[in-house]
2 protein chains.
Amino acid sequence: MSLSIGQVAERTGLSVHALRFYEKEGILANQVHRGPGGRRVYTQQDVDWLRMCIMLRMSGMPVPEIRRYTELVRQGDGNELQRLDILKEHQERVRQQMAQLQECMDLITYKVGKYEDYVNSIASRAIGQ
Amino acid sequence: MSLSIGQVAERTGLSVHALRFYEKEGILANQVHRGPGGRRVYTQQDVDWLRMCIMLRMSGMPVPEIRRYTELVRQGDGNELQRLDILKEHQERVRQQMAQLQECMDLITYKVGKYEDYVNSIASRAIGQ
DNA sequence: TCTTGACCTAGAGACGACTCTAGTTCCTAG
DNA sequence: CTAGGAACTAGAGTCGTCTCTAGGTCAAGA
């Protein structure tokens, strides 16, 4: 099954621009073929790979690092340890990020609680209790 | 107790540049006094406020929204509901962000597991098992 | 006196990740 | 044959958040 850039944009949520940008940045595991008129032809595999890249990006992996990972995959067997290293390092960063976010969340929740109490106390005073 | 910009930088982790930037952006609850020679003089309150702003930033609240919140606080009593709204909205965004991160984390963890298995299987074959 | 170091301002520059523009090609439908 | 729509390229522009530069003030110590 082959897909146009527009279809891929649709099913990944990336823009057409972003897809071309990603390709230029070298973060497509196997290079995209071209159909008649030089148009890009994607496969389901490309879409799957992109979905993973999106996950990596969403969790803050910078484009150059995704490119490094992609290059390893393109090279084929033999460098699994290096790939593992990249993933583990990123995993650790995500872990820290989540811990940080949780800390922020705690503070925000605390503040929300305080303001809610306050607002409620004002409200009940207003209706005469 | 009054602090210089350098001291505040030290205890907040922000750069001196960033502190001036934040001030210019209007995200300091009470404006910073100036000492002899026009130097900024901060109080512990300022540091506390900055620490909260840092939390908000870290969790992705954009500077303009922190400014809006700051302005409400500067205006004083009476707008607690609006403040609460901002905080709750942000809380929701953080919640979503964490869910997303968790999703990414799950994928990464899955991949790490796969690669670890693979690498281990290679390793044990190498030592003749 | 001279130097050092912290501070000041206004404004320019950097960086990452897109996003958009301009000008073109190609296919399909009316 | 023409209009519309999707695709193409190279490269410029945008956005947010700082970060740095240039040129200056000021106080304290050698």
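None of the values given here were measured: they were computed from a predicted structure. So you know, we letter chains A, B, ... as the sequences are listed, proteins then strands, and number each from 1.
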Take B:D117 and B:K114 through the test side chain to side chain contact (heavy atoms under 4.5 Å, CB included) and record every step on the way to the result.
-> CA-CA 5 Å; B:D117 288 354; B:K114 290 275 245 176; 5.7 Å; no

Residue pair B:L56 / B:H90, side-chain heavy-atom distance below 4.5 Å | yes

Partner set under side-chain contact (heavy atoms from CB on, under 4.5 Å) for A:S15, not counting sequence neighbours | A:H17, A:A18

Are the side chains of A:Y22 and A:R57 in touch, meaning some heavy atoms are under 4.5 Å apart?
-> yes

Report all interatomic pairs (protein N or O, nucleotide N or O of nucleotides 10-15 of chain C) with separations under 3.5 Å.
none

Extract all donor-acceptor atom pairs below 3.5 Å that involve side chains of residues 101-108 of chain A and protein atoms in other chains or at least two apart in sequence.
residue	atom	partner	partner atom	Å
A:Q102	NE2	A:D106	OD1	2.9

Should we count CD of B:Q45 as having more than 12 external heavy atoms under 6.0 Å?
-> no

Identify the 5'-most and 3'-most nucleotides of DNA chain D with at least one atom closer than 4.0 Å to a non-hydrogen atom of chain A.
-> D:dA6 to D:dT9

Tell me which residues in residues 39-67 of chain B put a heavy atom below 4.0 Å from DNA chain D, sorted by number, or none.
-> B:R39, B:R57, B:P62, B:V63, B:P64

Would a hydrophobic clustering, with Ile, Leu, Val, Met, Phe, Trp and Tyr connected at side-chain separations under 4.5 Å, put B:L87 with B:L81?
-> yes

Check side chain to side chain donor-acceptor pair (under 3.5 Å) between A:Q91 and all other residues, then give those that pass, not counting sequence neighbours.
-> B:T109

Flag the pair A:R40 / A:L19 as yes when at least one side-chain heavy-atom distance between them is below 4.5 Å, and no otherwise.
-> no

About how many Å separate CD1 of A:I27 and CE of A:M52, when rounded to the nearest 0.5 Å?
-> 10.0 Å

Could you verify whether a donor N or O on one side chain and an acceptor N or O on the other, from A:E116 and A:N120, lie under 3.5 Å apart?
-> no

Looking at residues 31-38 of chain B, who's got a heavy atom less than 4.0 Å off DNA chain D?
-> none

Residues 60-73 of chain B side chain polar contacts: donor-acceptor under 3.5 Å, at least two apart:
residue	atom	partner	partner atom	Å
B:E65	OE1	B:R93	NH2	3.3
B:R67	NH1	B:E25	O	2.8
B:R67	NH1	B:E25	OE1	3.2
B:T70	OG1	B:I66	O	2.7

Within residues 6-19 of chain B: residues closer than 4.0 Å to DNA chain D (heavy atoms) | B:S15, B:H17

What pairs with B:R83 under side chain to side chain donor-acceptor pair (under 3.5 Å), at least two apart in sequence or on another chain?
-> A:Y115, B:N79

So does A:Y22 get a side-chain nitrogen or oxygen closer than 4.0 Å to the phosphate oxygens (OP1/OP2) of C:dC18?
-> yes

Tell me which donor-acceptor pairs under 3.5 Å the side chains of residues 28-39 of chain A have, and how far apart each pair is, sequence neighbours excluded?
residue	atom	partner	partner atom	Å
A:N30	ND2	A:D46	OD1	2.8
A:R34	NH1	A:G38	O	2.8
A:R34	NH2	A:E23	OE2	3.4

Contacts of A:Q100 meeting side-chain contact (heavy atoms from CB on, under 4.5 Å) (sequence neighbours excluded), chain-then-number -> B:M58

